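To keep things clear, I will list the structure first and then write my remarks on it.
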There are 2 protein chains.
Amino acid sequence: MQNSEAMALSAALLAVAGGLTQRINEGVIARGFDGVRPAHGFAFTRLAPDGATVTDLAVHLGMTKQAASQLVDELVRKGYAERRPHPRDARARLVVMTERGWACTRAAEEVAAEAVREWTDLLGEREVRTLAEQLLRIAPRGPVRPAW
Amino acid sequence: MQNSEAMALSAALLAVAGGLTQRINEGVIARGFDGVRPAHGFAFTRLAPDGATVTDLAVHLGMTKQAASQLVDELVRKGYAERRPHPRDARARLVVMTERGWACTRAAEEVAAEAVREWTDLLGEREVRTLAEQLLRIAPRGPVRPAW
DNA sequence: ACCATATAGTCAAGCAGCTTGACCATCACG
DNA sequence: CGTGATGGTCAAGCTGCTTGACTATATGGT
């Protein structure tokens, strides 16, 4: 395969990913969850289902724990999460989602499902399913810097 | 298709895209092009092959023209691009890539091709080709905010 | 030919989100 | 039980973006 084909694939991949990110973010905001950024969604995926510490979040999001702590401040201030004492470590705090946080993630799921449905219209359900399988197989393991 | 499947697909897509972005950036830096950011790569794709104005770049990158102008300042300072007078509009300036800029894009192509080759090892060439075709078909048209 | 408006670009100031550095409280282990 | 490691926060600074204001040139109606 030629370099130019690799670039076309890469460009398409990044365009689809960027468009999806943008669309989910806008859709969630349109459903009344204002002030959310894509990074919050990535945080939610780590917070669910059992909560996480600030350090966990920092690793997951590929940022310093100070930045993660500031992000949690923001989530708490906006009512999406809260800090609870950690059951087994008095130094740590367990960050958990509030009901509003859960509602926000459900909204994000709905918007994502809507986008995927359009892809199904274009490609067919079978193709979308294989697309998902292939992406899962080539997805890097471990914490990936979300980069948005 | 259920919402959870849509989220799995979305997460995989974003993980692959984030990993690819990170990898290309690191690979390009490792080849001696220091100080480049992913946004520069997106700028390069618009600059090639005939150059572009600052306003073109701003639309392409989904940012204000002031930000695009600052980005061009940076590219010029680092030797990747230069400003030339626009042939048909005395207000505008044509931003074109230098030889170093071209070398940098070739390096990015090599790194991307390397990543795609690994996907081919995992999925097979035929599957990667259909993956590319499917992504091209669902890629949003027009300027997409790169989001990194 | 002229003027009104639109467009290309820059300068300047401000801000959001991240970083680095320093620090305290608590844990884990010799 | 003390010593280094770990979880978290505070404070300051930086980078890349934004908004606002401005100049120079182009465009189009009269």
Side-chain angles (χ1 to χ4, degrees), chain A residues 18 21-22 25 29 34-44 46-47 50-78 80-96 143-148, chain B residues 18 21-22 25 29 34-44 46-47 50-78 80-96 143-148:
Chain A
T21 300
Q22 186 178 353
N25 195 240
I29 290 172
D34 52 315
V36 293
R37 291 178 288 122
H40 297 154
F42 286 94
F44 286 154
R46 188 68 184 78
L47 256 35
D50 296 321
T53 66
V54 163
T55 301
D56 285 339
L57 268 182
V59 171
H60 184 247
L61 296 176
M63 54 172 60
T64 62
K65 57 185 182 177
Q66 292 93 324
S69 184
Q70 291 174 11
L71 194 142
V72 169
D73 287 342
E74 193 184 346
L75 289 178
V76 169
R77 184 168 10 96
K78 292 177 177 169
Y80 295 111
E82 61 185 14
R83 292 185 221 252
R84 313 206 61 194
H86 194 286
R88 278 181 295 284
D89 191 334
R91 299 169 301 178
R93 297 164 144 219
L94 200 57
V95 182
V96 298
V144 170
R145 178 176 293 265
W148 42 70
Chain B
T21 300
Q22 186 178 351
N25 195 242
I29 290 173
D34 51 317
V36 293
R37 292 177 289 122
H40 296 154
F42 287 94
F44 286 153
R46 186 70 184 77
L47 256 35
D50 297 321
T53 66
V54 164
T55 300
D56 285 339
L57 267 182
V59 172
H60 182 69
L61 296 176
M63 52 171 62
T64 62
K65 57 183 181 177
Q66 292 91 325
S69 185
Q70 290 174 13
L71 194 142
V72 170
D73 285 343
E74 192 184 346
L75 288 178
V76 170
R77 184 167 12 95
K78 292 177 178 170
Y80 295 111
E82 60 185 16
R83 292 184 220 253
R84 314 206 61 193
H86 195 287
R88 279 181 295 283
D89 190 337
R91 299 170 300 175
R93 295 161 151 226
L94 200 58
V95 181
V96 297
V144 170
R145 177 177 294 266
W148 45 69

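Computed from a predicted model, the values in this text were never measured in an experiment. Every chain is numbered from 1 and lettered A, B, ... according to where its sequence line falls, protein lines coming before strand lines.
- Taking side-chain N and O atoms only, A:Arg37 has a distance below 4.0 Å to OP1 or OP2 of C:dG17.
- Proximity of A:Ser69 to the phosphate of D:dT9: a side-chain N or O atom is located under 4.0 Å from OP1 or OP2.
- Taking atom CE on B:Met63 and atom P on C:dT10, their separation rounds to 15 Å, with Å as the unit.
- As rounded to whole Å, 19 Å separates atom P of D:dT23 from atom CG of B:Asp89.
- Between the side chain of A:Gln70 and the base of D:dT9, no donor-acceptor pair of N or O atoms lies under 3.5 Å.
- Within the structure, every side-chain polar atom (N or O) of B:Arg93 is placed at least 4.0 Å from both OP1 and OP2 of D:dT25.
- Residue A:Arg88 places none of its side-chain N or O atoms closer than 4.0 Å to OP1 or OP2 of C:dC27.
- DNA chain D is contacted by both B:Lys65 and B:Ala68; B:Ala68 maps to the nucleotide lying nearer its 5′ end (nearest heavy atom per residue).
- Across all their heavy atoms, B:Arg83 and B:Ser69 have their closest contact at NH2-O, 3.7 Å.
- In this structure, B:Ala92 reaches the sugar-phosphate backbone alone: every heavy-atom distance under 4.0 Å involves primed, P, OP1 or OP2 atoms, never a base.
- Counting only heavy atoms from C-beta on, B:Ala90 has its side chain closest to D:dA26 among C:dT26, D:dA26, C:dG9.
- The overall bend of the helix from C:dA1-D:dT30 to C:dG30-D:dC1, read as the angle between its terminal helix axes built from five base pairs each, is 30° when rounded to 10 degrees.
- Rounded to a whole Å, the NE2 atom of B:His40 is 13 Å from the P atom of D:dT15.
- In terms of position on DNA chain C, the residue among A:Thr64 and B:Arg91 whose nearest nucleotide sits closer to the 5' end is B:Arg91.
- For B:Gln66 against D:dG20, a side-chain-to-base donor-acceptor contact under 3.5 Å is present.
- Residue A:Thr55 has no polar side-chain atom (N or O) positioned under 4.0 Å from OP1 or OP2 of D:dT6.
- Closest heavy-atom contact between B:Val36 and B:Asn25: O-ND2, 3.3 Å.
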